[in-house]
Colleague: 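The structure under discussion is supplied below as structure tokens; questions concerning it will follow.
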2 protein chains.
Amino acid sequence: MGYSRQREMLLSVLKDTRSHPTANWIYEEMRKRDPKISLGTVYRNLALLTESGVILRIDTEHDSVHYDGFTHPHYHFVCNGCGEVSDLSIDPIGIEAEVERETGGSVAGHTLVFYGKCKNCK
Amino acid sequence: MGYSRQREMLLSVLKDTRSHPTANWIYEEMRKRDPKISLGTVYRNLALLTESGVILRIDTEHDSVHYDGFTHPHYHFVCNGCGEVSDLSIDPIGIEAEVERETGGSVAGHTLVFYGKCKNCK
DNA sequence: ATAAATTTAGTAATCGTTACTGATTATCTC
DNA sequence: GAGATAATCAGTAACGATTACTAAATTTAT
């Protein structure tokens, strides 16, 4: 996978924030640097980078998908009030082997999401 | 919350399967029993039952939301090949208190989803 | 430098989900 | 039980996130 100017820009935007943005937020941010950027380009590159493990995708019970440029294994907390997604420093759990044993399949990864009210919304 | 005929039917459909169906699958199943059922009714009741904790909603990296009539705390495995969602018998992890301490918020629940290839797709 | 392959901007289409409305059904009070 | 009140429904339109498409531009390989 080569790195086009737009793909580089997307990565740089994503690495520069810890806010776990949505595709649309990233799009708006990229438009500030280059107003001709296309929303389709954002989605296509988000999919590519997710597939190759360069970035993380976070699915929650709320509206649209969030992305994370911080790939070191970690978990997330989602506020049911304001929808904000934040990182946790909980230690990764090591039970993928157990899941493989139980399912007979192969495990590539896992996601752990906590829901509740953040300090502000509580 | 009263239980209308349609809501009862939805619950019965969901309790009768362990397949973690999507809204549309449930809709088709209910249509077999009552062809006049409305898709809006399915979605409205899924939202109501999820909010009140009678059923579970499962968000994955694949297409649409899945639902689970089995509410005893448990985790899920999602196959990246066929998209099938299956139950795991892993013991629930008890770290919500730790998350509350770290975030300063309140935790209402958590979801743990493993991704990989199932026995068939591997 | 030229040819081949990839990526893009822009736009149209898709699909899951939600919102709306007037009709129907359930519940509540007498 | 009859009538009033509230909840729920079927049907359909609207919405918003995401994907698909196409011709032009850019990158990469020769």
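First the proteins, then the strands, lettered A, B, ... as listed; each starts at 1. All values reported here derive from a predicted model rather than from experimental measurement.
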Colleague: Among dG16(C), dT8(D), dA9(C), which is the nearest nucleotide to the side chain of Gln6(A)?
Modeller: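 The listed nucleotide nearest to Gln6(A)'s side chain is dA9(C).
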Colleague: Find the distance His62(A):NE2 to dA17(D):P and express it as a whole number of Å.
Modeller: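 Atom-to-atom, His62(A) to dA17(D), this comes out as 15 Å.
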Colleague: Which of these nucleotides, dT18(D), dT27(D), dT7(C), is closest to any side-chain atom of Val65(A)?
Modeller: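 From the listed options, dT18(D) comes nearest.
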Colleague: So which protein N/O to nucleotides 21-25 of chain D N/O distances come out below 3.5 Å?
Modeller:
none

Colleague: Round to the nearest Å and state the distance from Met9(A) atom CE to dT26(D) atom P.
Modeller: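 Interatomic distance, CE of Met9(A) to P of dT26(D): 13 Å.
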Colleague: Rounded to the nearest angstrom, tell me the gap between atom CG in Asp59(A) and atom P in dT17(C).
Modeller: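 These atoms are roughly 12 Å apart.
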Colleague: Look at Ser4(B) and dA7(D) and indicate whether a side-chain polar atom (N or O) is within less than 4.0 Å of OP1 or OP2.
Modeller: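 The answer is no; no side-chain N or O of Ser4(B) sits under 4.0 Å from OP1 or OP2.
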Colleague: How long is the line joining CG of Asn45(B) and C1' of dT17(C), in whole Å?
Modeller: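 Those two atoms, CG and C1', are 15 Å apart.
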Colleague: Taking the ring of Phe77(B) and the ring of His20(B), is the distance between their centroids below 6.0 Å?
Modeller: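 Not close enough - the centres of the two rings lie 6.0 Å or further apart.
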Colleague: Nearest whole Å is fine: how far is dA17(D) P from Tyr67(A) OH?
Modeller: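 Between P of dA17(D) and OH of Tyr67(A): 13 Å.
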Colleague: Is Leu46(A) reachable from Leu56(A) through a run of I, L, V, M, F, W or Y residues, each pair having side-chain heavy atoms under 4.5 Å apart?
Modeller: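 No, Leu56(A) does not connect to Leu46(A) through the hydrophobic network.
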Colleague: Picking from Ile55(A), Leu48(A), Val54(A), what satisfies side-chain contact (heavy atoms from CB on, under 4.5 Å) with Ser52(A)?
Modeller: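 Among Ile55(A), Leu48(A), Val54(A), the one meeting side-chain contact (heavy atoms from CB on, under 4.5 Å) with Ser52(A) is Val54(A).
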Colleague: OP1 or OP2 of dT25(C) versus the side-chain N and O atoms of Arg5(B): is any pair under 4.0 Å?
Modeller: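 It does not, given that no N or O in the side chain of Arg5(B) lies less than 4.0 Å from OP1 or OP2 of dT25(C).
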Colleague: Applying side-chain contact (heavy atoms from CB on, under 4.5 Å) between Leu112(A) and each of Leu112(B), Thr111(B), Val113(B), report the one that passes.
Modeller: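 Single side-chain contact (heavy atoms from CB on, under 4.5 Å) partner of Leu112(A) among Leu112(B), Thr111(B), Val113(B): Leu112(B).
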Colleague: Go through the steps to decide whether Ser12(A) and Arg33(A) satisfy the test side-chain hydrogen bond (donor to acceptor under 3.5 Å, both in side chains), and finish with yes or no.
Modeller: CA-CA 11 Å; Ser12(A) 138; Arg33(A) 305 194 196 176; 3.0 Å; yes
Colleague: Heavy atoms from C-beta onward define the side chain here; which of dC9(D), dT19(D), dG16(C) lies closest to that of Tyr43(A)?
Modeller: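 Per side-chain heavy atoms of Tyr43(A), the pick is dT19(D).
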Colleague: Leu48(A) has an atom CG; how far is it from atom C1' of dT7(C), in whole Å?
Modeller: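 Rounded to whole Å, this separation is 10 Å.
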Colleague: If we ignore angles and hydrogens, is there a donor and acceptor under 3.5 Å between the side chains of His110(B) and Tyr75(B)?
Modeller: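 His110(B) vs Tyr75(B): donor-acceptor pair found between side chains.
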Colleague: In whole angstroms, how far is the P atom of dT25(C) from the CD atom of Glu8(B)?
Modeller: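 Checked: the CD to P distance equals 17 Å.
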Colleague: A side-chain contact here means heavy atoms from C-beta on lying under 4.5 Å apart; do Cys118(A) and Ser86(A) qualify?
Modeller: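 Of all side-chain heavy-atom pairs linking Ser86(A) with Cys118(A), none is under 4.5 Å.
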Colleague: Taking only heavy atoms on the protein side, list every residue of residues 19-39 of chain A lying under 4.0 Å from any atom of DNA chain C, sorted numerically.
Modeller: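 Only Lys36(A), Ile37(A), Ser38(A) qualify.
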Colleague: Tell me whether the count of non-hydrogen atoms from other residues, nucleotides or ligands lying under 6.0 Å of NZ in Lys119(B) goes above 12.
Modeller: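 At most 12 heavy atoms, drawn from other residues, nucleotides or ligands, come within 6.0 Å of this atom.
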Colleague: Heavy atoms under 4.0 Å, any strand shown: does Asp63(B) hit a base, just sugar-phosphate, or nothing?
Modeller: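 No contact at all - Asp63(B) keeps every heavy atom at 4.0 Å or more from the nucleic acid.
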Colleague: Leu46(B) has an atom CG; how far is it from atom P of dC9(D), in whole Å?
Modeller: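 From Leu46(B) CG to dC9(D) P: 11 Å.
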Colleague: So Phe70(B) and His72(B), would you call those rings parallel, tilted or perpendicular, with 30° and 60° as cut-offs?
Modeller: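 Answer is tilted, since the angle falls between 30° and 60°.
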